Amino acid sequence: MVTGQNLLPSHRLRLRSIAMSVLHDKRILLGISGSIAAYKSPNIVRLLVKSGVSVQVVMTDAAKTFVTPLTLSTVSNREVLSSFTQEENENAVWNNHVDLGLWADAMLVAPASANTLSKMAQANADNLLIATYLSAKCPVFFAPAMDLDMHKHPANKANMETLIANGNILIPATSGALASGLEGEGRMEEPEEIVAALETYFLEKSLLAGKNIIITAGPTYEAIDPVRFIGNHSSGKMGYALANSAAQQGANVTLISGPTAGNSAHPSVKVMAVTTANEMLHACLENYDAADAVLMSAAVADFKPMNEIGQKIKKQDGLDAISLTPTTDILAELGSRKKHQILIGFALESENALQHAQNKLLRKNLDAIVVNSLADEGAGFGHDTNKISFLQRDTDAVHYALKSKEEVAKDVLNHLKNIFDAH
Ligand code: CTP
């Protein structure tokens, strides 16, 4: 999740210095609801406008008791909208929430009162702000602001969880002195941090914008007979984390996935489900010419039964041995056909990890290889974490600590971005 809070101060500073380019020319809908924190909203508008953003304010009637439309229309340089219709020369004009929802690159609801959060979660479209929210096709950020007891009430928490589950991005409330005189969690995040959260989102989204990336994930299954197969314990988690992170960073991702369970792909990822190494090979080749990069994180079976037996092998018939033949090495095949594509392999090694991985990098004509060692606890198959080294030709390996697979995915994609930049 992108929030202003989970950024290191140095990261914030770096983002601030490139903020102009990230937010410049973006169109943002600012929804303002009834909370004392609305007095900070003009400052949000001011910071966004300073970054080159076109800001359209949509406010609820309750918000007007805390901040005037005139203040907001002055700082945003646009008419403020708050009702479904307005009078123009005594004719009613429809404020089209669908058009507003399509216009925006992002919607930010700040402050988001408990009442507005509830309406957003329940699709209770009794004002223009909620109707616009429900019509929005863009990412939606919400910055709650309310008294601490309201904030921690289970009903409010449930609404926030619903909103997050629906794909909205929370900019968490902070702790401090509240308007009620109480101290606690419920203060809207500061305008600078809210803008930083938007910057982070657009920065991450743009890192791989427009790149076509093939990612393979999971195991392959090679049939012995109609019910049995040779497979492995790969969960596909690393490949799905890579695919989802690349999609969030603006890449067009084709995820070629062997059989896995419990993984879900970002809505913009094109998923191709395959079973065997041969099917994975063909899916890769089909998409290879248009690809800018391939991340081969699948655990492809190295061998398959020489002949698939058409009928289920009966126990009483016995089976002494299964004759095996190698599958095609997909990555080596892609390496031999390589033109403009960046190829990144993955290697799980049990000994001399870097040396073996270096050999694979050269043998398969790769640009880089992600190495993990079975000797490292928490790395490899099935875990939610991974500990990797990133190895490129002619540069020293970069070693990382044990991290979640989502964080590892970001590290790998940062390397990919650097390789693209160097090309
Ligand atoms: N790979 C592949 N096709 C195969 C086997 C492996 O594309 N038939 C890819 C994997 O997806 C991975 C890389 O090659 O990105 C390295 O896989 P690995 O199993 O470590 O290497 P192998 O070449 O199979 O070598 P070995 O099993 O002997 O270590």
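Predicted, not measured: the structure shown is a model, and the values here were computed from it. Whatever order the structure lists ligands and atoms in, that order sets their numbers, starting from 1. Residue numbers start at 1 and run along the sequence shown.
Polar contact check, Lys364 against ligand 1: a nitrogen or oxygen pair lies under 3.5 Å apart. For Phe346, a nitrogen or oxygen atom sits less than 3.5 Å from a nitrogen or oxygen atom of ligand 1, counting backbone and side chain alike. Considering both main-chain and side-chain atoms, Leu331 comes within under 3.5 Å of ligand 1 through a nitrogen or oxygen pair.
Remark: Met280 CE to Thr327 OG1 distance equals 10.5 Å, nearest 0.5 Å. Atoms OG1 and CD1, from Thr200 and Ile169 in turn, are 10.5 Å apart once rounded to the nearest 0.5 Å. Considering CG of Leu208 and CG of Asn414, their distance stands at 8.5 Å, rounded to 0.5 Å. Considering OG1 of Thr216 and CE of Met272, their distance stands at 12.5 Å, rounded to 0.5 Å. Leu391 CG to His415 NE2: the interatomic distance, rounded to the nearest 0.5 Å, is 10.5 Å.
For atom 5 (C) of ligand 1, the nearest non-hydrogen atom of the protein is Asp302 OD1, 3.3 Å. Considering only non-hydrogen protein atoms, atom 3 (N) of ligand 1 sits nearest to Ile330 N, 3.0 Å. Looking at atom 26 (P) of ligand 1, its nearest protein heavy atom turns out to be Lys360 NZ, 3.8 Å. Met296 O, 2.7 Å is the protein heavy atom nearest to atom 15 (O) of ligand 1.
Counting heavy atoms only, Asp329 comes closest to atom 1 (N) of ligand 1 of the residues Asn278, Asp329, Thr327.
Taking the charged nitrogens against the carboxylate oxygens, Glu333 and Arg337 do have a contact shorter than 4.0 Å, which makes a salt bridge.
Interface atoms of ligand 1 facing Gly345, defined by a heavy-atom separation under 4.0 Å, are 15 (O). For ligand 1, the atoms closer than 4.0 angstrom to any heavy atom of Thr328 are 3 (N), 4 (C), 8 (N).
Ala298 counts as a contact of ligand 1, since one of its heavy atoms falls under 4.0 Å from the ligand. Heavy atoms of Leu334 come nearer than 4.0 angstrom to ligand 1 in no pair at all.
For atom 28 (O) of ligand 1, no protein heavy-atom neighbour is found at a distance under 4.0 Å.
Proximity of Gln248 to Leu413: side-chain heavy atoms (C-beta onward) are nowhere separated by under 4.5 Å. The side-chain heavy atoms of Ser389 and His399, taken from C-beta on, include a pair separated by under 4.5 Å.
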Test salt bridge (charged side-chain N to carboxylate O under 4.0 Å, His left out) on Lys314 and Asp317; report intermediate values, then the result. CA-CA 5 Å; Lys314 302 305 286 177; Asp317 295 341; over 6 Å; no
